S.K.: 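Would you mind keeping the following structure in view while I ask a few things?
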Number of protein chains: 2
Amino acid sequence: MSFINPAITFVLITFTNNYMAIFSKTCEYAMRAVFYVAQKSHEGQKVGIKEIAEQINSPEAFLAKILQKLSRERLIQSVKGPNGGFYFDAVSLNRPLADIVSAVDGNEIFTGCGLGLTYCSESNPCPLHDEFKKVRNQITHMLNHTTIGKFNLGLIKGKFTLNK
Amino acid sequence: MSFINPAITFVLITFTNNYMAIFSKTCEYAMRAVFYVAQKSHEGQKVGIKEIAEQINSPEAFLAKILQKLSRERLIQSVKGPNGGFYFDAVSLNRPLADIVSAVDGNEIFTGCGLGLTYCSESNPCPLHDEFKKVRNQITHMLNHTTIGKFNLGLIKGKFTLNK
DNA sequence: TTAATAAAAGACAAAAATATCTTTTATTAT
DNA sequence: ATAATAAAAGATATTTTTGTCTTTTATTAA
């Protein structure tokens with residue numbers, strides 16, 4: 001004998017807040033994975049997708065797609081078969097994180113207008129132009145000066161987290 | 001007598017780049033609209049959704065939803081009926097743009113971890129923590145120090161764009 | 001007090017991002 | 001050579017974001 005009391009019925013809100021971070025989930029997973037693999041590479045090990053996904057807390061199959069893309073663009077190294085997995089060679093370890101971000105999220109974050117205007121420029125600025133430029137520059141600087149292998153020691157020493 | 005030459009058949013790429021800007025489209029439209037309405041309010045005018053959408057180059061019905069939300073949260077003023085429309089009162093004109101952004105996109109951009117980690121903090125930082133904090137602070141500063149009415153004169157003088 | 005106007009609300013649709021599952025290909029240890 | 005392993009590729013499903021259309025409600029000018 002169950003029933004719904006109309007007096008306390010809840011209403012579904014149609015306009016829920018977006019949940020917007022700076023980077024897409026794809027990009028977040030990519031960056032976490034890259035730092036994890038780099039640290040293992042520093043220790044001379046290859047890592048399988050399963051371990052990576054577990055350690056950085058990401059959906060395995062989805063992360064696989066992301067790493068496939070990075071692999072196709074030669075940003076990460078991989079070998080199939082037993083004892084295979086993902087790793088970075090010395091050259092790749094020195095690549096900036098910016099390469100990962102643009103491979104996955106595109107260049108919008110480095111070049112785009114804060115208000116989403118196509119024709120926004122120095123000579124035809126949007127209201128936020130000057131202030132937003134500072135933000136963009138800071139992001140660009142951060143991503144260009146962070147190499148993939150930069151945090152290896154800190155990660156090995158347990159100074160940093162990549163999980164949850 | 002048409003046919004497909006298998007030697008030059010194209011392949012559909014499955015993994016297309018995300019197109020990620022800092023703010024969601026919703027938020028971009030919101031900010032552009034707010035600046036447009038503010039400028040009109042400065043001139044003592046109310047504006048209808050149709051004009052706003054045209055002037056800031058956004059889908060009308062979608063923008064309507066966004067402004068409805070802002071209106072419900074008392075961030076923008078509106079009146080129905082003839083000569084009705086949207087406007088800002090003096091108090092609202094002094095509100096920071098941050099209020100608009102968080103109403104629409106949430107607080108992730110002000111507080112979130114760059115790598116998307118829930119437990120990232122000063123005592124348990126992700127590798128990007130310190131650098132990302134600077135970015136977040138810059139964004140927060142920009143949005144807190146930009147009032148909704150800040151660019152009215154510049155917009156009236158045609159110094160800034162909001163279109164395309 | 002009525003017709004016209006314009007926002008609010010509700011329902012729905014399309015596109016993009018995120019996620020999963022299955023099959024194929026390459027590698028290696030046996 | 002063969003079986004086992006692990007990434008690559010393909011296909012499909014789900015969720016979120018973005019976008020549209022219709023109906024309702026409030027306001028105002030006539």
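This one's a predicted model, so the numbers in the text were calculated from it and none came from an experiment. Throughout, a chain's letter reflects where its sequence line sits, starting with A, and its residues are numbered from 1.
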S.K.: Between A:K133 and A:E122, does at least one N-O distance fall below 4.0 Å, as a salt bridge requires?
M.R.: yes

S.K.: Of the listed nucleotides (C:dA7, C:dT27, C:dA17), which one gets closest to any side-chain atom of B:Y19?
M.R.: C:dA17

S.K.: Using the side chain to side chain contact (heavy atoms under 4.5 Å, CB included) rule, take B:K134 and B:Q138 through it: C-alpha gap first, then chi angles, then the decisive distance, then the call.
M.R.: CA-CA 6 Å; B:K134 291 184 203 165; B:Q138 190 118 43; over 6 Å; no

S.K.: Reckon B:Y29 has a side-chain N or O less than 4.0 Å from the OP1 or OP2 of D:dG19?
M.R.: yes

S.K.: Look at B:S24 and D:dT17 and indicate whether a side-chain polar atom (N or O) is within less than 4.0 Å of OP1 or OP2.
M.R.: no

S.K.: Between A:A61 and B:V47, which residue's closest nucleotide on DNA chain C lies nearer the 5′ terminus?
M.R.: B:V47

S.K.: Should the side chain of B:K25 and the base of D:dG19 be counted as holding a donor-acceptor pair, with the cut-off at 3.5 Å?
M.R.: no

S.K.: OP1 or OP2 of C:dA17 sitting under 4.0 Å from any side-chain N/O of A:T26?
M.R.: no

S.K.: Hey, does the side chain of B:N17 come within less than 4.0 Å of C:dA17's phosphate (OP1/OP2), counting only N and O?
M.R.: no

S.K.: So B:I49, base contact, sugar-phosphate only, or nothing? Heavy-atom distance under 4.0 Å.
M.R.: sugar-phosphate

S.K.: Toward the 5' end of DNA chain D, which comes first, A:K80 or A:M20, by nearest nucleotide?
M.R.: A:K80

S.K.: With a 3.5 Å cut-off and no angle check, do the side chains of A:T147 and A:N94 form a donor-acceptor pair?
M.R.: no

S.K.: Does C:dA8 have OP1 or OP2 sitting under 4.0 Å from an N or O in the side chain of B:S78?
M.R.: yes

S.K.: From CZ of B:F62 over to P of C:dA7, roughly how many Å is that when rounded to an integer?
M.R.: 17 Å

S.K.: Is B:N83 close enough to D:dA29 that one of its side-chain N or O atoms is under 4.0 Å from OP1 or OP2 there?
M.R.: yes

S.K.: Quick one: NZ on A:K25 to CG on A:L63, what's the gap to the nearest 0.5 Å?
M.R.: 13.0 Å

S.K.: Choosing from D:dT20, C:dT28, C:dA4, which nucleotide comes nearest the side chain of A:P82?
M.R.: C:dT28

S.K.: Which nucleotide wins on minimum distance to the side chain of A:K65, given the candidates C:dT20, D:dT20, D:dA8?
M.R.: C:dT20

S.K.: Does C:dA8 have OP1 or OP2 under 4.0 Å away from a side-chain N or O of B:S71?
M.R.: yes

S.K.: Round to the nearest Å and state the distance from B:K69 atom NZ to D:dT18 atom C1'.
M.R.: 15 Å

S.K.: When rounded to the nearest 0.5 angstrom, what distance separates SG in B:C27 from CD1 in B:I66?
M.R.: 9.0 Å

S.K.: Rounding to an integer number of Å, can you tell me how far A:R72 CZ sits from D:dA7 C1'?
M.R.: 12 Å

